[in-house]
Amino acid sequence: MRSLRGNIAMPVLTALAFVAAIGGGVAFGQHHPYMRIKTHGEWTTYKNAKGQTIRAYVAYPERADKAPAIIIIHEIYGMTDWEPTVADRFAGKGYVAIAPDLLSSQYKSTDSVGAANATRMVSGLPDSQVVGDLNATYDYVNGLVATDKGNIGVIGFCWGGGTTWKFAAANSHLKAAVACYGPVTDTTLLHTVTAPVFGIYAEKDMRVTGMRPAITAAMENNHKSFVSDVYKGVSHGFLKPGRDGYGTPEYDRAMSDIDAFFAKQLQHK
């Protein structure tokens with residue numbers, strides 16, 4: 001397995017190693033640190049509108065009824081070992097969660113281009129390709145028998161946070177969007193956002209947090225639903241292991257706020 005970008009608790013590494021060892025799905029029980037219910041995670045593929053193959057990790061909650069779904073958009077580093085743990089966490093809270101590798105339709109996978117090249121490759125992806133692949137992801141997860149049809153949200157981090165805004169502006173079917181320290185350089189695109197949006201910002205991240213007033217004004221002027229918060233003493237990327245602020249009380253508060261937002265907007269108990 002590729003090493004994680006930063007440190008992560010040993011129980012998570014153990015769980016990930018077990019997934020890799022069996023080559024796919026696994027039922028996570030009480031030994032997985034994020035879980036409150038059992039989940040099943042596996043790798044899958046599906047096609048975009050151009051017929052290109054997208055590779056993604058999907059995690060299912062073990063429940064008797066249909067579940068709302070959450071799409072997870074990775075950082076500029078592409079698909080790392082972290083994103084499946086995010087999907088597992090949401091599945092442990094009762095959601096179907098899917099994390100697409102957005103390099104896969106063009107380059108097979110993040111692994112195939114290598115970590116040293118991933119940032120350049122991701123930053124070079126055209127918006128039309130990325131949004132097209134995310135629309136294909138929406139259609140795929142919406143078509144799963146386990147999913148409560150049409151009850152789907154999205155969350156993205158860093159580059160994925162900025163992409164969350166673009167996706168929310170392009171897909172009117174989304175029911176909720178969480179943009180984690182996601183830059184918006186062109187606020188004119190926000191007039192087509194229909195989903196309620198929650199913005200996560202870090203105090204020590206003026207490059208992105210400095211955009212918050214303009215984003216707030218644009219959303220208010222367009223009569224859109226937008227709430228946001230600035231988390232104190234943390235830096236850009238603080239929701240990922242190894243980053244400044246990860247594992248702090250502000251990290252816990254942000255995760256609790258995200259859970260509450262999705263629970264409200266996706267009407268999930």
Side-chain angles (χ1 to χ4, degrees), residues 5 43-58 69-80 82-84 86-87 90 96-143 152-195 197-200 207-208 211 215 218 236-237 239-240:
R5 300 178 186 276
W43 291 92
T44 188
T45 59
Y46 47 92
K47 302 289 187 179
N48 64 17
K50 300 177 183 178
Q52 298 164 320
T53 299
I54 301 167
R55 183 173 182 263
Y57 179 83
V58 59
I70 295 173
I71 298 168
I72 299 158
I73 308 179
H74 56 66
E75 295 180 323
I76 199 167
Y77 304 107
M79 190 73 158
T80 69
W82 175 64
E83 288 79 14
V86 178
F90 282 123
V96 175
I98 185 167
D101 182 344
L102 292 171
L103 283 175
S104 60
S105 65
Q106 298 293 292
Y107 304 104
K108 188 176 179 180
S109 68
T110 298
D111 280 339
S112 69
V113 304
N117 299 314
T119 298
R120 175 172 56 84
M121 296 294 196
V122 170
S123 62
L125 290 172
D127 287 347
S128 59
Q129 181 73 40
V130 172
V131 171
D133 286 356
L134 289 170
N135 281 330
T137 301
Y138 180 98
D139 291 342
Y140 175 81
V141 75
N142 195 46
I152 299 171
V154 61
I155 184 170
F157 306 88
C158 184
W159 175 88
T163 301
T164 292
W165 283 108
K166 296 173 184 177
F167 185 39
N171 190 317
S172 62
H173 300 297
L174 289 166
K175 294 294 188 292
V178 178
C180 300
Y181 26 87
V184 177
T185 54
D186 180 10
T187 58
T188 62
L189 68 85
L190 303 183
H191 77 280
T192 57
V193 172
T194 57
V197 182
F198 178 33
I200 300 284
R207 179 182 68 88
V208 175
M211 300 176 181
I215 294 170
H236 184 85
L239 296 179
K240 189 172 184 178

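Only this structure's heavy atoms are used, side chains among them; waters, hydrogens and symmetry mates stay out. The shown structure was predicted, so the numbers you read here are calculated from the model rather than taken from an experiment. Nothing fancy with the numbering, it's 1 onward along the sequence.
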Kindly give the heavy-atom pair with the smallest separation between [X] and [Y], and that separation in Å.
X	Y	result
Val131	Ala170	CG1-CB, 3.6 Å
Val208	Pro183	CG1-N, 4.0 Å
Glu83	Gly78	OE2-O, 3.7 Å
Ala218	Leu190	CB-CD1, 3.9 Å
Ser123	Ile76	CB-CD1, 3.9 Å
Ala97	Phe90	CB-CB, 3.9 Å

With rounding to the nearest 0.5 Å, note down the distance linking [atom1] in [X] to [atom2] in [Y].
X	Y	atom1	atom2	value
Arg55	Thr44	CZ	OG1	10.0 Å
Ile98	Ile73	CD1	CD1	11.5 Å
Asp101	Thr45	CG	OG1	12.5 Å
Thr119	Glu75	OG1	CD	9.5 Å
Ile155	Ile200	CD1	CD1	7.0 Å
Ile72	Phe157	CD1	CZ	7.0 Å

*Determine, step by step, whether Thr110 and Thr80 satisfy the side-chain contact (heavy atoms from CB on, under 4.5 Å) criterion, reporting the C-alpha distance in whole Å, the side-chain angles of both residues, the deciding distance to 0.1 Å, and the verdict.*
CA-CA 8 Å; Thr110 298; Thr80 69; 6.0 Å; no

Could you check whether any side-chain N or O of [X] sits under 3.5 Å from a backbone N or O of [Y], counting only pairs where one atom can act as donor and the other as acceptor?
X	Y	result
Thr164	Ala179	no
His74	Leu102	yes
Ser112	Tyr107	yes

[X]: what forms a side chain to side chain donor-acceptor pair (under 3.5 Å) with it, not counting sequence neighbours?
X	result
Thr185	none
Thr53	Lys47
Asn135	Asn171

*Go through the steps for Tyr138 and Leu174 under the test side-chain contact (heavy atoms from CB on, under 4.5 Å), then give the verdict.*
CA-CA 9 Å; Tyr138 180 98; Leu174 289 166; 4.0 Å; yes

*Is any side-chain heavy atom of Leu134 closer than 4.5 Å to a side-chain heavy atom of Thr163?*
yes

*Is there a side-chain contact between Tyr77 and Cys158, using heavy atoms and a 4.5 Å cut-off?*
no

*With sequence neighbours excluded, residues passing ring pair (Phe, Tyr, Trp, His ring centres under 6.0 Å) with Tyr46*: Tyr140

*Only pairs at least two apart or in different chains count here, so list each side chain to side chain donor-acceptor pair (under 3.5 Å) that has a residue in residues 125-134.*
Asn48-Asp133, Lys50-Gln129, Gln52-Gln129, Ser105-Gln129, Ser105-Asp133, Gln106-Gln129, Asp127-Lys166, Gln129-Asp133

*Sequence neighbours excluded, every pair satisfying ring-ring contact (aromatic ring centres under 6.0 Å, His included) that has a member inside residues 160-192*: Trp165-Phe226, Tyr181-His236, Tyr181-Phe238

*Compute whether any side-chain donor of one residue and acceptor of the other, for Thr188 and Asp186, lie under 3.5 angstrom apart.*
yes

